[in-house]
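To start, the structure itself, in structure tokens.
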Amino acid sequence: MSTDTRVAATSTDRGHRPIFHGWWIVAAFAVTQTVGYGCLYYAFAVLLHPIAADLHTSPAAVTGALTVAVLAWAAAAIPVGRWLDRHGGRALMTIGSALGAGLLVAWSRVEAVWQLYLVFAGLGVAMAMALYDAATAVIVSWFDAEQRPRAILAMIVVAGFASTIFMPLTGLLEHRHGWRTTLLVLAALYAAVAVPLHALLVRRPAGRADGANRPSAANRAAVVRAARRDSRFWWLAVAFVAHSAAMSAMTVHLVGFLISKGHPATFAATVAGLLGVLSVTGRLLLTGARRRLRLTTIVAAVFATQAAAAATLPLLAGSRAGAVAGVVAFGIGFGVASLASPALLADRYGTTGYATIAGTLATPVTLAKAAAPLAAAALSAAAGYNAAFLAVGGACALGAVGILTRAGIPAPGRQ
């Protein structure tokens, strides 16, 4: 029986079929992830320079706080995954949202860089508890293999506009009220939206599609152990770590690279802004193509296209048309991993220990996101931007290889 045929709504409308509760959770996450990423993550870039000026320190020192948050996020990934597998997402995501709102208030009160770093260590844990990884695990537990990609897509397409909404909003608030008051407004907004939605709507499914009881802790542990012993899992890890590193490096350095090619800063920023729009386009294309082609084939082709685009950008970016063409080719794959990773993991290992398995993968992926911009900056300083973009292309190519390697071997327990 398909998951969508189960009656899981708390109430029904007279004369109408009840709405499957999983879709209410997806709708809630579309809102909470948009507001969460906007308040907890994207606001930082807008407030970076005002904070540095007020604390009498350098932008680089303030930027280090975000690195601390990412490292804390990575450290929390596996414990958060284990909790989600055992207890579900309601308490975890509600507490994470409340913690995030409280830390936004604490952020508004910092007077020294060490205090900022301490707050951001907490924010990293809060983001691991309440943002995309946790939300995806909850959705995976509610939907079957047929409906799961559509459910995840619905959430991330909406949340993909977080930067588009919240970066201008944060800038306007900061201009009118200063960065400290801006953070208090964002804290109130996040608390008012995310805490009640997570508390009221997030729950565990009453049963699985086949009617089986919830797996025991021993069963979950056995599934996780089998995944970690599976060579295919580690090739997927290679693929997504390499790809995430490439995406992170491109995000940070694309504007500087285009300026180095002689383009005005406004043009460079506008072209770089295409990546966000193209990430939504790429996700939609991936979902449509899955009906006709194997997922691994599509993802490998996208990663290979990105490899070619990054490697040829140093040759193309001298002209405006070439820069746009290269960025568009690269940007089509910008958001693909956020759909491909949960689909590949859940299809291969099932949903029993999904959150723990995904957390195991998220740890090196998150570390790669933190380290890649620094490595690309060092390479650019030593050998120029062209060398850094060739390295980005090489990472995407490695990602394509990882996606295809041992893709045909049976999953653990299916040999």
Side-chain angles (χ1 to χ4, degrees), residues 149 152-153 156 160 231-254 257-258 271-272 274-317 321-345 347-348 361 364-365 368-369 371-373 375-376 379 385-409:
I152 295 173
L153 178 68
I156 62 179
S231 62
R232 173 63 178 155
F233 173 80
W234 295 108
W235 277 109
L236 287 175
V238 168
F240 288 116
V241 166
H243 187 259
S244 296
M247 299 306 99
S248 181
M250 180 68 79
T251 300
V252 172
H253 295 290
L254 180 57
F257 166 73
L258 292 175
V271 172
L274 291 174
L275 293 175
V277 177
L278 289 166
S279 70
V280 175
T281 304
R283 290 162 179 161
L284 293 171
L285 291 174
L286 175 65
T287 302
R290 279 196 69 184
R291 300 169 186 168
R292 300 180 180 179
L293 299 170
R294 288 184 62 184
L295 180 59
T296 51
T297 302
I298 303 166
V299 175
V302 170
F303 286 6
T305 300
Q306 290 185 290
T312 56
L313 258 175
L315 301 176
L316 299 175
V324 170
V327 170
V328 167
F330 188 88
I332 289 296
F334 207 71
V336 162
S338 60
L339 272 180
S341 177
L344 289 169
L345 292 180
D347 289 351
R348 185 167 182 83
L361 179 59
V365 165
K369 288 179 181 178
L379 183 57
Y385 273 118
N386 289 357
F389 274 67
L390 286 173
V392 168
C396 290
L398 178 59
V401 172
I403 290 293
L404 293 175
T405 301
R406 299 186 68 79
I409 65 171

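Remember, predicted model here, so these are calculated numbers, not experimental data. For the single chain, residues carry numbers from 1 onward in sequence order.
Judged purely by atom type and a 3.5 angstrom limit, Thr305 uses its side chain to pair as donor or acceptor with the backbone of Ala301. When atom types are taken as modelled, the side chain of Thr297 and the backbone of Leu293 share no donor-acceptor pair closer than 3.5 angstrom. A distance-only check finds a donor-acceptor pair linking the side chain of Thr312 to the backbone of Ala309 [under 3.5 Å].
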_CA sep, side-chain torsions, deciding dist, call: Leu295, Leu286, side-chain contact (heavy atoms from CB on, under 4.5 Å)_ = CA-CA 8 Å; Leu295 180 59; Leu286 175 65; 3.7 Å; yes
*asked:* Please evaluate residues Arg294 and Val299 with respect to the criterion side-chain contact (heavy atoms from CB on, under 4.5 Å), reporting the C-alpha separation (whole Å), side-chain torsions for both, the decisive distance (0.1 Å), and the verdict.
replied: CA-CA 9 Å; Arg294 288 184 62 184; Val299 175; over 6 Å; no
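Taking each heavy atom of Arg232 and Ile409 in turn, the nearest pair found is CB-CD1, 4.1 Å. Scanning both residues, Ala317 and Leu258, for their nearest heavy atoms gives CB-CD2, 4.2 Å. Here the closest non-hydrogen pair linking Val271 and Ala323 is CG1-O, 4.4 Å. In this structure, Val365 and Ser244 approach most closely via the heavy-atom pair CG1-OG, 3.2 Å.
With rounding to the nearest 0.5 angstrom, the CE atom of Met247 is 4.0 Å from the CD atom of Gln306. Once rounded to the nearest 0.5 Å, the distance linking OG1 of Thr251 with NZ of Lys369 reads 9.5 Å. One distance of note links CG of Leu344 with CG of Leu339; it measures 10.5 Å at 0.5 Å rounding. We find the CG-CZ distance between Leu236 and Arg348 to be 7.5 Å, quoted to the nearest 0.5 Å.
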Under 3.5 Å, sequence neighbours excluded: what are the donor-acceptor pairs made by side chains of residues 385-407?
from, atom 1, to, atom 2, distance (Å)
Asn386, OD1, Lys261, NZ, 3.3
Thr405, OG1, Val401, O, 2.6
Arg406, NE, Ser231, OG, 2.7

Mind listing the side-chain donor-acceptor pairs of residues 328-335 below 3.5 Å, one per line with the distance, residues two or more places apart or on another chain?
none

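Evaluation of the ring-ring contact (aromatic ring centres under 6.0 Å, His included) test over residues 293-312, restricted to residues two or more places apart or in two chains, returns His243-Phe303. Counting only residues at least two apart or on different chains, no side-chain hydrogen bond (donor to acceptor under 3.5 Å, both in side chains) pair has a member in residues 390-404.
Qualifying side chain to side chain donor-acceptor pair (under 3.5 Å) partners for Thr281, counting only residues two or more places apart in sequence or in other chains: none. Arg290 pairs by the salt bridge (Lys or Arg N to Asp or Glu O under 4.0 Å) definition with Asp347, not counting sequence neighbours.
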